[in-house]
Amino acid sequence: MPSHVITLPNGITMPTLGQGTWFMGESSLAKKDEVAALQRGIDLGMTLIDTAEMYASGGAEKVTGEAIAGRRDKVFLVSKVLPGNASRRGTIAAFERSLKRMNTDYIDLYLLHWRGGYGLDETFEAMERLLADGKIRAYGVSNFDLDDMQEAAQYDNGNICVNQVLYNLASRGIEWDLMPWMKQRNIAVMAYSPLYQTRLLKSPGLKRVAQELSITPAQLALAWLLHQGTVPIPKTSSVKRVEENRKAWDIELDAQVLAELDGIFPPPDHKMPLDVL
Ligand code: NAP
């Protein structure tokens with residue numbers, strides 16, 4: 001069975017299946033369901049919650065704050081600084097605002113959401129400060145292609161633990177060069193939009209294989225990402241679907257199924273630019 005935790009380059013452990021929060025916190029009517037879904041996921045062991053200051057302009061962090069109230073010690077909290085805030089001082093100020101919205105005093109993993117105008121040296125200096133002050137347990141990046149990772153490696157003291165990128169069966173470009181490079185350094189691939197925002201679930205091929213295995217297309221898509229050694233973070237505001245997604249941890253895919261999936265969703269045979277949403 002897929003492992004429930006991985007160890008990051010700095011020695012801390014992180015759950016291998018998490019929960020996304022993009023589009024949460026946008027409507028007060030949906031909030032109750034969003035909090036209930038996140039809490040059910042935490043209770044089922046999906047204790048990694050991925051959020052960002054960007055989502056609903058802080059609204060998703062507020063929903064996250066409600067969901068983790070009283071269970072902070074169980075949760076591996078991930079948030080992200082917007083590139084426009086990612087200066088030496090701006091990063092710290094954005095981080096402090098995120099803490100307030102989530103009513104906590106630390107974030108487990110803090111990411112630069114994507115590359116912007118500020119130098120990576122500035123952003124990582126701030127990240128190193130947060131690390132030294134015990135306010136974060138690890139830091140990383142998001143939407144970084146191989147050339148960005150290579151540049152980042154000049155400034156991070158070997159401390160980048162995660163790169164969160166678009167990765168799912170229908171978008172496998174990173175397998176060509178980015179993933180092997182990261183694997184060599186033990187940097188985790190956090191797979192965002194693991195269901196391709198439901199687009200993947202409509203694939204007749206995925207549906208057929210899932211049916212053969214008596215599982216749902218979402219479970220197959222997530223089980224495949226776990227098999228790849230990545231950390232998928234599906235978003236759902238439904239308790240029923242979070243329960244469905246959790247079962248991906250119990251699914252073992254054999255060589256025949258993996259080959260069938262490769263036939264439907266071929267791996268890359270050349271360098272492809274990093275896919276983003
Ligand atoms: P996703 O997780 O691939 O798909 C989310 C959609 O799938 C929602 O519409 C959800 O609807 C539906 N869904 C979830 N489980 C399902 C199931 N079992 N069966 C059917 N439908 C299901 O897409 P995502 O939200 O873009 O990506 C996941 C997370 O990654 C985000 O929430 C965010 O935290 C992160 N992310 C990061 C970046 C970045 O730049 N770093 C970019 C995109 C996303 P319901 O809610 O109605 O269930």
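Counting starts at 1 for both ligands and their atoms, following the listed order.
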Check: residues 244-263 side-chain donor-acceptor pairs under 3.5 Å, at least two apart:
residue: E244; atom: OE2; partner: T216; partner atom: OG1; Å: 2.7
residue: N245; atom: ND2; partner: R241; partner atom: O; Å: 3.3
residue: R246; atom: NE; partner: L44; partner atom: O; Å: 2.9
residue: R246; atom: NH1; partner: D250; partner atom: OD1; Å: 3.4
residue: W249; atom: NE1; partner: T16; partner atom: OG1; Å: 2.8
residue: E252; atom: OE1; partner: M1; partner atom: N; Å: 2.6
residue: D254; atom: OD1; partner: Q256; partner atom: N; Å: 3.1
residue: D254; atom: OD1; partner: V257; partner atom: N; Å: 2.9
residue: E260; atom: OE2; partner: R208; partner atom: NH1; Å: 3.0
residue: D262; atom: OD1; partner: R172; partner atom: NH1; Å: 2.8
residue: D262; atom: OD1; partner: R172; partner atom: NH2; Å: 3.2

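- The closest side-chain donor-acceptor pair between K80 and Y55 falls under 3.5 angstrom.
- Of the possible polar contacts, none joining the D156 side chain to the G140 backbone as a donor-acceptor pair under 3.5 Å is found.
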Apply side chain to side chain donor-acceptor pair (under 3.5 Å) to the pair E125 and Y155, showing each step before the final yes or no. CA-CA 8 Å; E125 203 181 303; Y155 305 109; over 6 Å; no
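- D105 has no carboxylate O lying under 4.0 Å from a charged side-chain N of R72, or vice versa, which leaves the two without a salt bridge.
- Around ligand 1, the residues contributing at least one heavy atom under 4.0 Å from the ligand are G20, T21, W22, D50, Y55, K80, H113, S142, N143, Q164, Y192, S193, P194, L195, Y196, Q197, T198, L201, A218, I233, P234, K235, T236, S237, R241, E244, N245, L277.
- A salt bridge is defined here as a Lys NZ or Arg NE, NH1 or NH2 lying under 4.0 Å from an Asp or Glu carboxylate O, and K271 with D145 meets this definition.
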